[in-house]
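Just below is one structure, and these are the notes that go with it.
Nothing fancy with the numbering, it's 1 onward along the sequence. Below, all heavy atoms of this structure are taken into account, side chains as well, without hydrogens, waters or symmetry copies.
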Amino acid sequence: MSGPLVLKPQSVEIDAPRELVFQMLTSFRRGRIAGDDSESSRLVSEHGNTKIVEFRTKAGPFTYTTLEEVMLFPPEKIAFRHLKGPLHFSEEEFTFEETADGQTFMTHSGSFIWNTFPFFGWFGGVIYTRPMYHRVIRKHLAVVKDAAEARAARSHVFRRQQ
């Protein structure tokens, strides 16, 4: 068996405070981010900053349900460890950096193994799963950017400096 396939890091700059973006991405009880019809979440259990969350993700013609251990490191990082679903291994993280002008630079990175069949699992990961993962994350980053910027524009808690 080969090692994990590494995902290409993807980033987006969001005109919203880091704490707001972090809060939006960790609000697992609410189901979906406004404008996102491809992913929803459900909080299964929590113990401090470690949560077990069920995600339903539409990727291409398929919808996948996964169970993830989510570790929160407010407001710098969210780390995910795959527990159940179509992948045999997956680790991902979102990091949040505050820019000099008060914006948020959010980056996603990770790796996975899908080895249902020796070699073919790796090959399928290279030709299908990794490109699909990249498309899903690219869309997710765009949705988060739009939703966070809209929320920041109307927020009384996270007021933007003018």
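- To the nearest 0.5 Å, the span separating NZ on K51 from CD on E69 amounts to 11.5 Å.
- With hydrophobic clusters built from ILVMFWY side chains whose heavy atoms lie under 4.5 angstrom apart, I127 shares a cluster with I137.
- Minimum heavy-atom separation, V136 to K58: CG2-O, 4.2 Å.
- No side-chain donor-acceptor contact under 3.5 Å links T50 to the backbone of M71.
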Pair E91-R81, salt bridge (Lys or Arg N to Asp or Glu O under 4.0 Å): steps then yes or no: CA-CA 5 Å; E91 288 184 342; R81 187 173 63 88; 5.9 Å; no

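- In this structure, Q10 contributes its side chain and H134 its backbone to a donor-acceptor pair below 3.5 Å.
- Looking only at distances, no side-chain donor or acceptor of R42 sits under 3.5 Å from a matching main-chain atom of V53.
- Inter-residue side-chain proximity for S41 and F28 is flagged as met; some heavy-atom pair is nearer than 4.5 Å.
- Between F112 and Y133, the ring center distance clears the sub-6.0 Å criterion.
- Residues F22 and L72 form a side-chain contact, since some pair of their non-hydrogen atoms from C-beta on lies under 4.5 Å apart.
- Taking 4.5 Å as the limit, every side-chain heavy atom of L141 sits out of range of all side-chain heavy atoms of I14.
- Under the 4.5 Å side-chain criterion, counting only non-hydrogen atoms from C-beta, T95 is not in contact with F105.
- Between the side chains of T65 and R56, a donor-acceptor pair is found at a separation under 3.5 Å.
- Side-chain contact between F96 and K77: absent, with no pair of heavy atoms (C-beta onward) separated by less than 4.5 Å.
- Counting heavy atoms from C-beta on, the side chains of L5 and I113 never come closer than 4.5 Å.
- With W114 contributing its side chain and P86 its backbone, the two residues share a donor-acceptor pair below 3.5 Å.
- Residues forming a side chain to side chain donor-acceptor pair (under 3.5 Å) with E13 (at least two apart in sequence, or on another chain): none.
- Between the side chain of T104 and the main chain of R18, a donor-acceptor pair closer than 3.5 Å is present.
- Of all non-hydrogen atoms in M24 and A148, the two that sit nearest each other are SD-CA, 3.5 Å.
- When the side chains of ILVMFWY residues are joined at heavy-atom separations under 4.5 Å, either directly or via intervening members, F73 and V70 end up in two distinct hydrophobic clusters.
- Side-chain contact between V144 and L25 is present, with heavy atoms from C-beta onward closer than 4.5 Å.
- Within the 3.5 Å criterion, the main-chain N or O of S11 finds no donor-acceptor partner in the side chain of H108.
- With hydrogens and angles disregarded, no donor-acceptor distance shorter than 3.5 Å links the side chain of H82 to the backbone of T66.
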